[in-house]
Amino acid sequence: MEGGEAALVFNSGMAAITTAILAVARPGDVILHSQPLYGGTETLLGKTLARFGIAAHGFSDGANAEAIRESALAARRLGRLSLILIETPSNPLNTLVDIAAVRAVAEQVGSLDGVRPLVLCDNTMLSPVFQQPLKHGADLVLASLTKYIGGHSDLIGGAVIGSAALVQPIRLLRSAIGTQLDPHSCWMVGRSLETMAVRVRAAAANAEAVVCAMDAHPHVRAVHALGPARGADAVREIYRKQCSGGGSTLSIEITGGQEEAFRVLNRLRLFKLAVSLGGTESLASHPASTTHSGVAPDIRKRIGVTDGLIRLSIGLEDENDLIADLYQALAVLT
Ligand SMILES: Cc1ncc(COP(=O)(O)O)c(C=O)c1O
């Protein structure tokens, strides 16, 4: 589905990401990465790997090739730039990173340093149904199977996909540190793959209806969603090149801060309050106090994970029921 030669499964998305990074990076290296990233990945880079002498340097404008190049040059001053980790679209703001531009920067660094950094792309948010990063220049795709691929909120898993040669050292490290997926979950992933394309497309159609309704709501300041006509010209161009659908995870910024966001969340009846995404049931969460609470407040502010931000993962319920639930919950703000 990703168009890769080889794939490995792991016991979580974080296990896949961590094992892939540890197979490539060593102390003294620096990792260039897009921002925002899923909070767990951000914490892994900023806190855990930093303790082992692997530095991280982030860039936030993934649509600007020149800004990515400048960030790469700044990162090189911190150590050997061995990998570039990107998440596109990002969780929770749906910002896009131009995968081909990142690959071109990796090639430039390679010609300066003699070793080309590998490009790792987290494709959790769109799944291979709507985006195949290997076709655009990524060396390895990372995925949390827990989300759209599993699709039923009943398994935790991860995957790394790429060429057989790049996957082999990751396979060896997976055995050495024990991050394999258990047999029962493997069986469940096989079951989920049978319905993945149908689920992902149906949820995206529901999400389109929710986005339209949220765009029009007086207590919604901004809707962070993907689509062919959303965002600045550069963002639309990346969407056109890379994505064949907008997925079904989006964020809304309400009028107000944490207190108002909590009041809205507490009033939801059909949406369940949980931090996962990509399942058949719709979920709502407050990123600043949950998934992204480990991210330093100044970084949260810079990347736009505000206290008034609510993330919605749209599932397969009736679209009118979902919109009605959001409207009755947002009414608490009037
Ligand atoms: C984009 C992204 N990558 C990775 C992960 C981590 O996956 P897991 O929960 O399976 O460890 C998540 C989890 O939310 C995610 O959203």
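Numbering of ligands and ligand atoms starts at 1, following listing order.
- Sorted by chain and number, the residues within 4.0 Å of ligand 1 by heavy atom are S12, G13, M14, I17, Y38, E87, N91, D122, T124, S144, T146, K147, G157.
- A donor-acceptor contact closer than 3.5 angstrom is absent between the side chains of R230 and N94.
- Donor-acceptor pairing under 3.5 Å is lacking for the side chains of S285 and T290.
- A side-chain donor-acceptor contact under 3.5 Å links T255 and H219.
- By the criterion of side-chain heavy atoms lying less than 4.5 angstrom apart, applied directly or through intervening Ile, Leu, Val, Met, Phe, Trp or Tyr residues, V109 is grouped together with I99 in one hydrophobic cluster.
- Judged by a 6.0 Å distance limit and a 45° cone about the ring axis, R174 is positioned over the six-membered ring of F10.
- Of the N and O atoms on the side chains of N11 and Q180, not one donor lies less than 3.5 Å from an acceptor on the other residue.
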